[in-house]
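One structure, pasted below without further comment.
Proteins get letters first, then strands, A, B, ... in listed order; numbering begins at 1 in each. It should be emphasised that the depicted structure is a prediction, and the values quoted were computed from it without experimental measurement.
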Amino acid sequence: MMHREVLEVDVLVVGAGPAGLSAAIRVAESSRRAGGEPLAVAVIEKSRQSGSHILSGAVLDISGLDELLPDWKARGAPVDTLVSSDKIYYLTSRSKLRFPFNGPLNNHGNYVISLSRFVRWLTGQAEAEGVDVFTGFGGSEILYDGERVVGVRTGDRGVDKQGVEKSNFEPGVDIRAAVTIFADGVRGNLTKTLVKDLVLEGPQPQTYALGIKELWELPPGKVIPGHVIHTLGYPLRNEEFGGGFVYTLPEGRISVGLVVGLDYRDPRFDPHMAFQRFKQHPAIASLLAGGRMLRYGAKALPEGGWYALPRCHVAGGLIVGDAAGFLNSMRLKGIHLAMKSGICAGDTAVEAIRSSDVSASKLAAFQKRIIAGSVRRELYPVRNVHQAFGRGLLAGLAFSAWSMVTGGWCFKRMLPNEVGHARMASISRYYGTEPQDIRVSSNAVTVDRTLTFDKLTNVHYSGTRHDEDQPVHLLVKDTDLCRSRCRELYGNPCIHFCPAHVYEMVDDGHGPRLQINASNCVHCKTCDIVDPFQVIDWVPPEGGGGPEYEGM
Amino acid sequence: MKIAVCVKQVVTRDWPLRINDSHTWVDDRDASFEMNEPDAYALEEALRLKEQHGGEVVVCSAGPPRVNQVIREALARGADRAIHVEAESLASADGAMVAEALAAPMEEEQFDLVLTGLQSDDQGFAQTGVVLAEFLSIPHATIIMEVQVGAGRVRVKRELEGGWFQWVSMSTPALLTIQSGINQLRYATLKGIMAAKKKEVRLVEPPAELARRQEILMLSVPERTKEIRLFDGAPAEAAGKLVQALKDDARVI
């Protein structure tokens, strides 16, 4: 009989990101203030160390941090590069046009940060409050009692490629909690299950984008910290939603990235190649000249906004941060909203536990807090903006300007939106009858390994590592589909959309077959989101595996 | 049995390395660190010996405050307490300096057995354990594949070249440097991680006169050199030249 460890806590948080840690800190803090027996708070995190799997630009709106820890400066938060210049450009293939006003992307008073460092600091703050942060433990299953969430089972460790237990096999732990806060990030595997199990979907399906980023270092004296540049246009076409960013940091560092909507039509479109093209643009290449790439990363982000939020409260559980979709895609900011949603969840959890009532109706206080507070004030007016971008860049821009001026009153109801993967066109619909080489991306560039890189080189710079002898963590329900219908209809888009070269179609003499290089996976979730057949299920690999985004 | 395990914190193997401005070490700002893998095997061996023979396992490490990460990890896996010789100067120290820093607090403890990894993943001198044995005036054996503990003695299997092994018997206290891969590493459990928070980590200052014995003059990234030689002539003649070149110049056959 297998011995399974059981841990009982009051509040369990899944995911040590800004949302989860804010919730944990809030619970621990108010429990300390109230005196008496402190509430036991545990946070589980799949990365080997805190901050290793977090990725963002990142420009921080400090309103969430101000609310959580008003004395953050005295506590030594790694938040010190105030935005000093803030520009938006529209890029054509060779030139740039500056927007006369910044509108929603106004970054006055915001800070350019390393989110990985920030999260590591926040972890320290949580631990100082008595929170147990367990890194290297991914949540693999939700524990229910009927419809009530009663905790989470972590993944088994020490299982080999064939699924057989190794001699150091360690079964997953059942962590049981009065309230479980799901902060498992964008397209979190547990939140995905929870939303499906308990039918929590919002009025509209969630839509996503993929952010690809590199950290560069330039010779001393060449970089003035605090400069923020956003771009629209090239290398994306009118039909593709997204834009680029360049943020300058101290120590000669530059964060450069491209965000691409995962609702593009061209099945041969490759977001990683689009990022290479972005860097090749004279306006960007000139900024990076003489520097070298230090790190690479990729991560999806939720862009659906207000109408895509699921119901975030269930009996015994709450959903916060990117897992729910608390992100303002028009401002390209989510950290502060993640933190605020975490604060609301922490307060709601404490209140519920004190009154010994963790029912869904009691935890609905979370929703009331969100609606009454600054989260709705920020997200509601821009509720239709992403949908408008679905009609093309110009329509989107016009609409976002309109929403800003009017608070979105003209379209009080929601504009319709469709789930991103459904927008992908088939090869024949997109390209007509002309034969296509489906192995090559439509936007491929030849990489020079100085400014532009191939996916494998980039993956090396993400520090990604997984124990090789473990089951594949990308579950493809039907691999026959890959060589038959998917190949015919879409030309195997997985080989293009994955920014880490996880998917390959190889032919060893018996026709093409799918090969999954799971150990390359940077946990961005793109495949789970955009696969047109929705047969890919991303599940957490053995705890500790994945990228190492230290300093990113 | 009282067992000490020396562990070192090193930069994670898959971390994209770069060299610092003075070319004397890697630039480890924002580096990701982990326990030196050979030391993890030494720790595992110590925990197994304790499970068989009882006693305690004490983790010993020398380095800056960040080393606490690997000490906590060792405690979470089951070590009982720790000694941390703490100093910034120990960040990229040579084997003799680390051994000297560890020797004084370890000598007081009167360990029956001291285990170290065979070598470190970063500098790879395989010296720290051997020099430490000298400082502690105890016998040592290197590249250990198996440890059998008897009364006042240990019998150990050493790995030699070419698939040969050697059994050595020696009196305890003794120091053994453990070969990687001799056991399967265990995972830290949640309970282990929680228990580790309450375990003692004794901070010790290094000896005042501690200094480097070696200085790294320069680190450099291997230069890629390619040489292509074309052999002309009829196929048989060209093949003959190729074979000759592989024998004489490349010396691979």
Side-chain angles (χ1 to χ4, degrees), chain A residues 5-7 9 40 42 44 47-49 51-52 114 116-117 120 127 130 132-137 154 156-158 166-175 215 217 219-220 251 253 292-296 457-467 519 542-544 547-552, chain B residues 9-22 26-35 37 40-41 43-45 47-48 51 65-78 121 180-199 221 224:
Chain A
E5 222 183 328
V6 178
L7 184 71
V9 293
I44 56 168
S47 65
R48 193 173 63 86
Q49 283 181 280
S52 296
S114 152
S116 165
R117 283 188 199 172
R120 193 167 283 191
E127 286 179 325
D132 282 312
V133 181
F134 299 108
T135 56
F137 291 86
T154 66
D156 293 342
R157 294 175 295 170
K166 294 189 264 192
S167 65
N168 60 348
F169 174 73
E170 196 70 55
V173 184
D174 280 357
I175 308 179
L215 190 66
E217 185 178 63
E251 300 171 337
R253 292 182 172 195
R292 55 189 287 229
M293 188 260 291
L294 299 179
R295 313 301 305 278
Y296 168 83
T457 304
N458 269 146
V459 169
H460 171 68
Y461 281 87
S462 70
T464 298
R465 180 167 57 161
H466 294 87
D467 187 339
S519 51
E542 184 172 296
E548 296 277 358
Y549 290 150
E550 271 74 11
M552 286 277 272
Chain B
Q9 187 194 41
V10 293
V11 168
T12 309
R13 266 167 302 153
D14 294 72
W15 189 71
L17 289 178
R18 51 205 188 106
I19 293 172
N20 68 7
D21 294 339
S22 55
V26 297
D27 183 345
D28 57 14
R29 277 180 297 168
D30 298 317
S32 159
F33 291 95
E34 66 182 355
M35 189 186 296
E37 198 185 36
Y41 287 101
L43 171 67
E44 180 63 38
E45 198 57 26
L47 295 173
R48 288 176 186 214
E51 280 160 8
R66 61 171 156 78
V67 169
N68 192 257
Q69 174 217 10
V70 294
I71 291 176
R72 287 285 162 206
E73 193 184 325
L75 295 174
R77 287 197 196 171
D121 280 345
S180 293
I182 70 164
N183 47 38
Q184 181 98 8
L185 304 180
R186 72 189 63 195
Y187 296 95
T189 61
L190 284 187
K191 293 231 163 80
I193 295 169
M194 289 173 84
K197 290 188 175 178
K198 298 184 184 80
K199 290 178 179 171
V221 177
R224 269 176 217 217

Kindly compute the distance separating CD (A:Q49) from CD (B:E73), expressed to the nearest 0.5 Å. 9.0 Å
For A:E550, enumerate each residue passing the side chain to side chain donor-acceptor pair (under 3.5 Å) test, keeping only those at least two apart in sequence or located in another chain. A:S52, A:R120
Hey, which of A:E548, A:R295, A:H460 has the most heavy atom pairs under 4.5 Å with chain B?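 Among the listed options, the one with the most contacts to chain B is A:R295.
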Which answer fits B:A188, side chain, backbone, both or neither, if we ask what part of it has an atom under 4.5 Å from a heavy atom of chain A? backbone
Sequence neighbours left out, what passes salt bridge (Lys or Arg N to Asp or Glu O under 4.0 Å) with B:E45? Give chain and number order. none
Minimal non-hydrogen separation, A:G463 against B:P16, with atom names: CA-CD, 4.3 Å
Might you confirm whether atom OH of B:Y187 has over 12 heavy atoms from other residues, nucleotides or ligands at distances under 6.0 Å? yes
Could you pull out all residues at least two apart from B:R18 that satisfy side chain to side chain donor-acceptor pair (under 3.5 Å)?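 Per chain and number, B:R18 pairs via side chain to side chain donor-acceptor pair (under 3.5 Å) with A:E217, B:D27.
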How many angstroms lie between NZ in A:K166 and CD in B:Q184, if you round to the nearest 0.5 Å? 6.0 Å
Only pairs of heavy atoms separated by less than 4.5 Å count here; which of A:T464, A:L294, A:I44 has the most with chain B? A:L294
Minimum heavy-atom distance between A:R465 and B:T12, given as atom pair plus value: NH2-CG2, 3.2 Å
Could you name the residues of residues 28-35 of chain B that have a heavy atom within less than 4.5 Å of a heavy atom in chain A? B:R29, B:D30, B:A31, B:S32, B:F33, B:E34
Check A:F137 against B:T189 and note the closest heavy-atom contact, atom names and distance. CZ-C, 4.3 Å
Write down the atom of B:M194, the atom of A:D132, and the distance for their closest heavy-atom approach.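 The pair with the smallest heavy-atom distance is CE-OD2, 3.4 Å.
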Do you know the tightest heavy-atom contact between A:N168 and B:L185? ND2-O, 2.7 Å
Select one option (side chain, backbone, both, neither) describing which atoms of A:V459 are under 4.5 Å from chain B's heavy atoms.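 The answer is neither part of A:V459.
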